[in-house]
Amino acid sequence: MKALITGAGRLGTQIARVLAAARNDVTLVDIDEDHIAELEGHLPVRLLAGDACEPAFLEHAGALTSDLVIAATGNDEDNLVISLLAKRQFAVPRVAARVNDAENTWLFNQNWGVDTAVPAATPLISLIEEATGATDTVALLRLSKAGVDVIETAITPQSRAAGRTLAEIPLPAGTVIATVIRDGQPTVPAPEMRLQPGDELLVVSHAATEQEIHSAFQ
């Protein structure tokens, strides 16, 4: 699947990391050039700086060939414009948009090109599930025909992984750690990173079950 994500904040970068770990072709864009520069080398995705509300830039970012566009900026007006352009001008099959202000929810519908409206408080996995649609969700999250699952696990003071580095934790074959969320921020999962109570991990696996992931960390 080819995905284009607009908005490289916490939400956008988390989605990009998870989708990329599941072997999707991901482009992440943001209007802030400095922020994009900071992300270089930290995400396994194509990064572009520019205004996604501009049709020419959206085309340059790959909207014409994208299977999915996720408008995840912090501005509802921008998300609506991006959604409308993606659907009407570039005929993107599936468009999902983040709703930052609940009072604007009524606008996020197919009249504005939005297939799926996602409240800002929606958990990451649920957002990916809703954004990708039933077929892609099965392949990405539920160990279906593609054999890929995304599993979340939290580190507690009682977890066997607490205090250990990622390199010290034996993972099942075909399993990678997509991101570690610490103090509310996504963190690049380097091998030398030492896990702490309160860390939340998103694990992508082609073979492991939820119980196997639980056993590895808990």
Side-chain angles (χ1 to χ4, degrees), residues 1-52 57-58 60-63 66-75 78-79 82 96 98 100 118 120 122-125 127-128 131-132 140-141 148-155 161-169 171 174-206 213 216-217:
M1 178 178 69
K2 185 172 183 180
L4 171 59
I5 303 167
T6 64
R10 175 189 173 191
L11 183 65
T13 55
Q14 285 179 325
I15 297 170
R17 185 173 283 114
V18 171
L19 290 178
R23 301 182 182 179
N24 294 290
D25 180 356
V26 181
T27 298
L28 177 63
V29 306
D30 196 274
I31 198 170
D32 189 335
E33 294 184 7
D34 292 337
H35 183 50
I36 288 294
E38 291 172 358
L39 293 174
E40 289 286 353
H42 296 293
L43 286 172
V45 304
R46 179 187 181 211
L47 294 166
L48 290 175
D51 187 355
F57 177 75
L58 265 187
H60 171 64
S66 292
D67 303 298
L68 166 69
V69 165
I70 299 179
T73 80
N75 185 290
D78 288 350
N79 289 343
I82 292 165
R98 177 185 185 180
N100 297 281
V118 186
T122 300
L124 176 62
I125 298 302
L127 188 151
I128 295 172
T132 54
L140 178 62
L141 298 175
V148 178
D149 198 10
V150 178
I151 301 170
E152 181 180 15
T153 187
I155 305 302
R164 301 173 67 186
T165 66
L166 293 177
E168 294 173 328
I169 300 171
L171 295 175
T175 299
V176 296
I177 299 173
T179 188
V180 177
I181 302 170
R182 177 172 292 173
D183 298 326
Q185 297 297 321
T187 305
V188 178
E192 65 274 12
M193 183 178 187
R194 195 171 298 278
L195 293 176
Q196 303 173 3
D199 287 347
E200 299 176 23
L201 287 76
L202 290 176
V203 180
V204 178
S205 181
H206 289 268
I213 298 301
F217 292 94

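When a residue number appears, it is its place in the shown sequence, counting from 1.
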query: Could you give the distance from CD1 (I31) to CG (D78), rounded to the nearest 0.5 Å?
result: 7.0 Å

- prompt: Atom CD1 of I181 and atom CG of L202: how far apart are they, to the nearest 0.5 Å?
  reply: 5.0 Å

message: L166 vs L195, test: side-chain contact (heavy atoms from CB on, under 4.5 Å). Steps then yes/no.
response: CA-CA 7 Å; L166 293 177; L195 293 176; 3.8 Å; yes

field: Smallest separation among heavy atoms of S66 and L4, with atom names
entry: OG-CB, 3.6 Å

statement: For residues 188-205, the salt bridge (Lys or Arg N to Asp or Glu O under 4.0 Å) pairs (sequence neighbours left out) are R182-D199

- prompt: Is a side-chain N or O of D67 found less than 3.5 angstrom from the main chain of M1, in a donor-acceptor match?
  reply: no

query: Any idea which heavy atoms bring A20 and V45 closest together, and the distance?
result: CB-CG1, 3.7 Å

Spacing of CD1 belonging to I15 relative to CG belonging to L28, to within rounding of 0.5 Å: 9.5 Å

field: For T13, all residues meeting side chain to side chain donor-acceptor pair (under 3.5 Å), sequence neighbours excluded
entry: none

statement: CG of N100 to CG of L11, rounded to nearest 0.5 Å, is 9.0 Å

Pairs satisfying salt bridge (Lys or Arg N to Asp or Glu O under 4.0 Å), at least one member in residues 38-50, at least two apart: none

- request: Can you see which heavy atom on I36 is nearest to which on A8, and at what distance?
  value: CD1-CB, 4.3 Å

- prompt: For L47, does its backbone N or O pair with a side-chain atom of D30 as donor and acceptor, under 3.5 Å?
  reply: no

task: Could you check I155 against V180 for side-chain contact (heavy atoms from CB on, under 4.5 Å), going step by step and ending with a plain yes or no?
output: CA-CA 10 Å; I155 305 302; V180 177; over 6 Å; no

- prompt: How many angstroms lie between CG in N79 and OG1 in T73, if you round to the nearest 0.5 Å?
  reply: 3.5 Å

message: Looking at every non-hydrogen atom in both residues, tell me the closest pair between A61 and L48 and how far apart they are.
response: CA-CD1, 3.7 Å

task: Determine whether more than 12 heavy atoms belonging to other residues, nucleotides or ligands lie under 6.0 Å from atom CD of E33.
output: no

Full working for side-chain contact (heavy atoms from CB on, under 4.5 Å) between R17 and L43: CA-CA 7 Å; R17 185 173 283 114; L43 286 172; 3.0 Å; yes

field: E168 versus R164, closest heavy-atom pair with distance
entry: O-NH2, 2.6 Å

message: I5 vs L19, test: side-chain contact (heavy atoms from CB on, under 4.5 Å). Steps then yes/no.
response: CA-CA 10 Å; I5 303 167; L19 290 178; 4.3 Å; yes

- prompt: Between CG of L58 and CG of D51, what distance do you get to the nearest 0.5 Å?
  reply: 8.5 Å

